[in-house]
Amino acid sequence: MYDQDWMQKAIAQAREAEAAGEVPVGAVIVRDGELVAQAWNRPIGSHDPTGHAEIIALRAAAARLANYRLPGCTLYVTLEPCTMCAGAIIHARVDRVVYGATDPKTGAAGSVFDILGTRKLNHCVDVTGGVLAEECGRQLSAFFQKRRSVVS
């Protein structure tokens with residue numbers, strides 16, 4: 001499969017998040033062409049500020065592989081990871097992150113911060129941004145537009 005195919009799977013996870021009233025962010029983790037874990041945002045419903053799709057996917061992948069390190073894995077996520085998620089990605093030793101939409105407010109993979117790419121830490125992650133960015137961004141924008149119209 002190609003990056004776009006895996007990103008489509010992450011987008012499907014984001015739809016699950018939206019259906020549950022969560023911000024539509026989805027993530028999948030792949031190793032050797034095999035799906036290892038998938039998750040969607042759950043901080044609201046779980047009352048957990050760490051309930052980001054990336055964190056949940058990392059936990060599931062670590063449990064499935066019986067290792068807190070995830071070498072050889074690629075994380076696909078519909079929105080650029082935040083600083084919390086970037087830190088967890090580094091600690092897990094994920095090889096690569098592929099994200100869809102850039103997060104101009106809290107992104108930590110090159111937009112606001114470049115935590116994943118810094119050489120100052122003990123692990124550097126290969127990052128590919130903008131994969132199906134328009135579709136990922138549209139999904140997020142539509143969600144927040146609907147949310148604002150309900151509040152108004």
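Residues: numbered from 1 along the sequence shown.
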In a table with atom names and distances, give each donor-acceptor pair under 3.5 Å that connects a side chain of residues 135-144 to protein atoms at least two apart or in another chain.
| from | atom 1 | to | atom 2 | distance (Å) |
| --- | --- | --- | --- | --- |
| E135 | OE1 | Q8 | NE2 | 3.2 |
| R138 | NH1 | E134 | OE2 | 3.1 |
| S141 | OG | G137 | O | 3.0 |

Can you give the donor-acceptor pairs under 3.5 Å from side chains of residues 25-34 to other protein atoms, not counting sequence neighbours?
| from | atom 1 | to | atom 2 | distance (Å) |
| --- | --- | --- | --- | --- |
| E34 | OE2 | R64 | NH2 | 2.6 |

For residues 117-129, dump all side-chain donor-acceptor pairs below 3.5 Å to protein atoms at least two apart in sequence or in another chain.
| from | atom 1 | to | atom 2 | distance (Å) |
| --- | --- | --- | --- | --- |
| T118 | OG1 | K120 | N | 3.2 |
| H123 | NE2 | V94 | O | 2.8 |
| T128 | OG1 | R96 | NH2 | 3.2 |

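For the atom pair SG (C82) and CD1 (I115), the distance works out to 8.5 Å, reported to the nearest 0.5 Å. Rounded to the nearest 0.5 angstrom, T106 OG1 and F113 CZ are separated by 9.0 Å. In this structure, NE2 on H52 lies 6.0 Å from CG on N41, to the nearest 0.5 angstrom.
For the side-chain hydrogen bond (donor to acceptor under 3.5 Å, both in side chains) test, no residue two or more places apart in sequence or in another chain qualifies with D95. The side chain to side chain contact (heavy atoms under 4.5 Å, CB included) search around A133 returns none, not counting sequence neighbours. Qualifying side chain to side chain contact (heavy atoms under 4.5 Å, CB included) partners for D114, counting only residues two or more places apart in sequence or in other chains: none. Applying the side chain to side chain contact (heavy atoms under 4.5 Å, CB included) rule to R42 yields the partners E22, W40, S46, I56; only residues at least two apart in sequence or on another chain are considered. Residues forming a salt bridge (Lys or Arg N to Asp or Glu O under 4.0 Å) with E18 (at least two apart in sequence, or on another chain): K146. For R59, the side-chain hydrogen bond (donor to acceptor under 3.5 Å, both in side chains) partners at least two apart in sequence or on another chain are T50.
Judged as a side chain to side chain donor-acceptor pair (under 3.5 Å), the pairs with a partner in residues 66-81 (not counting sequence neighbours) are, in order, D3-Y76, E80-S111.
Taking every heavy atom of both residues into account, C73 and L65 meet most closely at SG-CD1, 4.1 Å. Smallest separation of non-hydrogen atoms from A37 and A57: CB-O, 3.5 Å. Nearest heavy-atom pair across A17 and V23 is CB-O, 3.6 Å.
Under the 4.5 Å side-chain contact rule for hydrophobic residues, L58 and V77 share a cluster. M7 and L75 fall into different hydrophobic clusters, where Ile, Leu, Val, Met, Phe, Trp and Tyr are joined by side-chain heavy atoms under 4.5 Å apart, directly or via other members. Hydrophobic clustering of Ile, Leu, Val, Met, Phe, Trp and Tyr side chains at less than 4.5 Å, counting indirect connections, keeps L132 apart from Y99.
Test Q13, K9, R15 against I11 for side-chain contact (heavy atoms from CB on, under 4.5 Å) and you get one pass: R15.
Side-chain contact between K105 and V112 is absent, with no heavy atoms from C-beta onward closer than 4.5 Å.
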